[in-house]
> 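Pasting a structure below so you can have a look.
One-based numbering, in listed order, for ligands and for the atoms of each.
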Amino acid sequence: MNDFGHVLWFTGLSGAGKTTTAERVKARLLESGRRVELLDGDELRGTICKGLGFTREDRLENVKRIVYVAGLLSKHGVDVLVSAITPYREMREYARRTLPGYVEIYVECPLEECERRDVKGLYAKARRGEVRHFTGISDPYEIPHRPDVTIGTLTGTLDENAETVLAHIGIRAGAARA
Ligand code: ADP
């Protein structure tokens, strides 16, 4: 794939384990000598995606901006990890069409478990009606039909899942620093 970096796009419900898994994969890629950047959807909403809400249109615009930055980085050989819910198939198809190194990773976790974890306390707020357009509660999540990789965070450990992702891009378990 020429000199393009991989774009490892983690999609799934809030609290499914996208960022946790992406951070582990990032650490392993750095160990193997790759140049890596992690684009966290929550963080970007405070910077280049500031002001965007959670309607379908705003979510699409949000993804377009992330795709743009991911494209700039990956064309210079940087591996990009994206952690963002990306709930609509249309958005994921846009990312796939646009990014040469796109790898869709479905981070699977039942809603009940995400809600039990409630990492940021947002599910409780969404249930109380204090947060609108909350994915899984009051906004849709369209399950990927054909992700490149599926990892389950209730069924698999963090280590196992990170290795599954790395194996998909040809990085062996415990590969030595380049
Ligand atoms: P997301 O980025 O999808 O919103 P986070 O990674 O922020 O989710 O949070 C996931 C939570 O689930 C963390 O508190 C993490 O410790 C926990 N967790 C439990 N088991 C796993 C697993 N196998 N993989 C990833 N996260 C897990």
> Other residues, nucleotides and ligands only: do more than 12 of their heavy atoms fall within 6.0 Å of CZ on Arg128?
yes
> Going by side-chain heavy atoms closer than 4.5 Å, which hydrophobic residues are tied to Val119, directly or by a chain of links?
none
> Does anything in residues 33-60 pair up under ring pair (Phe, Tyr, Trp, His ring centres under 6.0 Å), and if so which pairs, sequence neighbours excluded?
none
> Report the hydrophobic cluster partners of Leu154, with the cluster defined as I, L, V, M, F, W, Y residues connected by side-chain heavy atoms closer than 4.5 angstrom, directly or transitively.
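None; Leu154 is a cluster of one.
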> Evaluate the side chain to side chain donor-acceptor pair (under 3.5 Å) criterion for residues Tyr68 and Thr98: first the C-alpha distance (whole Å), next the side-chain angles of each, then the deciding distance (0.1 Å), finally the verdict.
CA-CA 9 Å; Tyr68 180 72; Thr98 312; over 6 Å; no
> Heavy-atom cut-off of under 4.0 Å around ligand 1: list whichever protein residues fall inside it, by chain and number.
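Leu13, Ser14, Gly15, Ala16, Gly17, Lys18, Thr19, Thr20, Thr21, Ser83, Arg117, Val119, Lys120, Thr153, Gly156, Thr157, Leu158.
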> Ignoring hydrogens and angles, state whether a donor on the side chain of Tyr102 or Glu104 is under 3.5 Å from an acceptor on the partner side chain.
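Short answer, yes.
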